[in-house]
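Structure, as structure tokens:
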Amino acid sequence: MENKDLNASSISVGGIYDMLLDSVNNEDTRPVIRLGRVDPTDNPLFRTTNVAHDAVTTSVQSFNFNCYPPTLGLLEAKRVIADHVSVHLPHKLSAENVFLTIGGTQAIDIILPSIARPGANILLPKPGYPQYELRASRCHLEVRYFDLLPDRGWEVDLDSLENLADENTVALVIISPSSPCGNVFAYEHLKKVAEIASKLGIFVISDEVYAHVVFGSKPFVPMGEFASIVPVITIGSFSKRWIIPGWRIGWIAICDPQGILQESGIVSKIIEYIEITDNPPTIVQAAIPDILEKTPNDFHSNNLGILREVADIFYDGCKEIPCLTCPLKPEGAMVVMVEINLSQLEDIVDDVQFCSKLAKEESVILFPGVIVGLKNWIRVSLAVDPSDLKEGLERIKAFGLRHAKLS
């Protein structure tokens, strides 16, 4: 696979996934082990709650929601999302603070153009989610990266934030629980991020698509907790926590009790972009209240139990593969980053070649770290069946031994 110009601004997650699938040897009769794409519906153990199915069925059978949706979303759906987010905040959001989007991706596609202006820049985590760079490059918003530090549990390199910013910096992005690192940021660390952003005079875009998907010792802390320190725009989604990525329901929540984003015109610009974009289907919007208000707690706890088991299997199994190093046992989200020890491999020069050859020789799909901003690392999905993960780890181990340098 040619990787000369491979980076997040030139290829999407889906694009690299398709490229790797094309590398699989069709003569290999073994099933393909998909550890690259983070889609929990690939795992038969993950199924959405019956509450969600019933809510959509009721919405369809009512015949009341075959219409175009309101531009800014159904009011009742916005209200329950505001209540859902507010439960974990020191201040209460209203329906007017929430805008429905076609998944978390469209939320990014709306927010970034809304804050772009000539010469502006945005601070993004490295590694991070590639859609931010993709969208920034298309609205001429300069990207500057701050590091997440693997030897500190993927904490933000706080010193680099102040060094990167200047008078043209408009915002920074934090993803918590972290995709692709699988860590959960502690309360005090997020507070420090908020204080630095406030000092710099910028606001925070908090990507919380994996909100509450935590299975380690740290609890989930929403960035909106610190909205009295710095304005926060939160991105949320039903995709991962409710196991319905194909339903494409997300939201933008404005956590700004002091009204700074409103006064600056950013909220108005967000509304302007929403008015010229597509909206989530009315039928699914109408199902949101029941989904949020009636989903039993054991649905979520059961899913977290599966992820905890998978995280244990992966972390322990990775220790048995000499060419890989996992710096932190996954604590949240559905992904983990692993370093490739290239010095131990004979004929592999980088992460893209590692993933390409692995797909061809072992029918295992991993995601090259260069796409999420960290060359010679790989991103692994935890949204897989434990038995598939064990098989995948065995194949990766065999691959590593086959390509190991002779001592």
Side-chain angles (χ1 to χ4, degrees), residues 13-14 37-42 46-62 64-88 93 95-111 129 131 135 175 177 179 205-213 220 222 224 233-255 270-271 273-275 277-296 299-300 303 333-334 383:
V13 171
R37 184 173 66 171
V38 190
D39 185 346
T41 66
D42 286 345
F46 286 125
R47 288 290 180 267
T48 194
T49 170
N50 289 335
V51 169
H53 285 160
D54 293 344
V56 170
T57 300
T58 299
S59 173
V60 171
Q61 292 179 342
S62 74
N64 293 328
F65 302 104
N66 295 327
C67 55
Y68 290 114
T71 301
L72 301 182
L74 287 177
L75 182 59
E76 182 63 11
K78 287 155 57 77
R79 182 191 66 77
V80 296
I81 290 175
D83 291 345
H84 171 72
V85 175
S86 297
V87 167
H88 311 284
L93 303 184
E96 288 70 31
N97 299 130
V98 172
F99 307 101
L100 298 182
T101 61
I102 303 174
T105 300
Q106 192 193 40
I108 298 169
D109 293 345
I110 289 169
I111 294 169
Y129 183 56
Q131 185 66 22
R135 178 49 55 192
I175 305 174
S179 173
I205 299 169
S206 184
D207 188 325
E208 298 174 9
V209 165
Y210 286 100
H212 304 287
V213 183
F220 165 67
I233 298 179
T234 298
I235 296 173
S237 172
F238 285 87
S239 294
K240 301 303 181 5
R241 193 178 182 210
W242 272 269
I243 324 296
I244 47 174
W247 292 23
R248 311 309 299 135
I249 295 291
W251 65 82
I252 297 168
I254 308 297
C255 305
I270 287 174
I271 292 173
Y273 274 93
I274 290 174
E275 288 174 340
T277 61
D278 292 331
N279 311 112
T282 318
I283 284 171
V284 183
Q285 289 191 40
I288 289 173
D290 277 357
I291 295 173
L292 281 178
E293 295 175 344
K294 297 181 180 180
T295 298
F299 167 74
H300 297 303
N303 289 335
M334 295 179 177

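These numbers were taken from a predicted model, which means no experiment stands behind them.
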Gap between atom CD1 of Ile81 and atom CD of Glu76 - 0.5 Å precision: 10.5 Å
Separation between OH of Tyr68 and CG of Asn279, rounded to the nearest 0.5 Å: 11.0 Å
Donor-acceptor list for residues 103-110 side chains, cut-off 3.5 Å, not counting sequence neighbours:
residue: Gln106; atom: OE1; partner: Ile102; partner atom: N; Å: 2.6
residue: Gln106; atom: NE2; partner: Asp278; partner atom: O; Å: 3.0
residue: Asp109; atom: OD1; partner: Gln131; partner atom: NE2; Å: 2.9
residue: Asp109; atom: OD1; partner: Arg135; partner atom: NE; Å: 3.0

Side chains of Pro222 and Val85 in contact at under 4.5 Å (non-hydrogen atoms): no
Heavy-atom check, side chain of Val213 versus side chain of Phe220, under 4.5 Å: no
Candidate pair Phe238 and Leu292, rule side chain to side chain contact (heavy atoms under 4.5 Å, CB included), full reasoning: CA-CA 10 Å; Phe238 285 87; Leu292 281 178; 3.8 Å; yes
Point-to-point distance, once rounded to the nearest 0.5 Å, from NE2 of His300 to OG1 of Thr49: 8.0 Å
Side-chain heavy-atom pair Val284, Ile244 within 4.5 angstrom cut-off: no
Rounded distance (nearest 0.5 Å) linking atom OG1 of Thr58 with atom NE2 of His53: 12.5 Å
Considering all heavy atoms, the nearest Gln285-Pro69 contact: NE2-CB, 3.5 Å
Donor-acceptor contact present, side-chain Thr71 to main-chain Glu275, <3.5 Å: no
Which atom of Pro280 lies closest to which atom of Ile249, heavy atoms considered: CB-CD1, 3.5 Å
Reported CZ-to-CG distance for the pair Arg241 and Asn303, which is rounded to 0.5 angstrom: 9.5 Å
Shortest non-hydrogen separation from Ser86 to Ala82 and the atoms involved: OG-O, 2.6 Å
Closest approach of Pro289 to Val80 (non-hydrogen atoms, all atoms of both residues): CA-CG2, 3.7 Å
Atom of Ile243, atom of Phe46 and distance for their closest heavy-atom approach: CG2-CB, 3.8 Å
Close side-chain approach of Asn66 and Thr282, heavy atoms under 4.5 Å: no
Side chain proximity check, Val51 to Pro296, heavy atoms < 4.5 angstrom: yes
Pairs involving residues 242-254, ordered by first then second residue, that meet side chain to side chain donor-acceptor pair (under 3.5 Å) (sequence neighbours left out): Trp242-Thr295
Close side-chain approach of Ile233 to Ile254, heavy-atom, < 4.5 Å: yes
Nearest heavy atoms of Lys240 and Val209, plus distance in Å: CG-CG1, 4.2 Å
From NE2 (His84) to NE2 (His212), nearest 0.5 Å: 5.0 Å
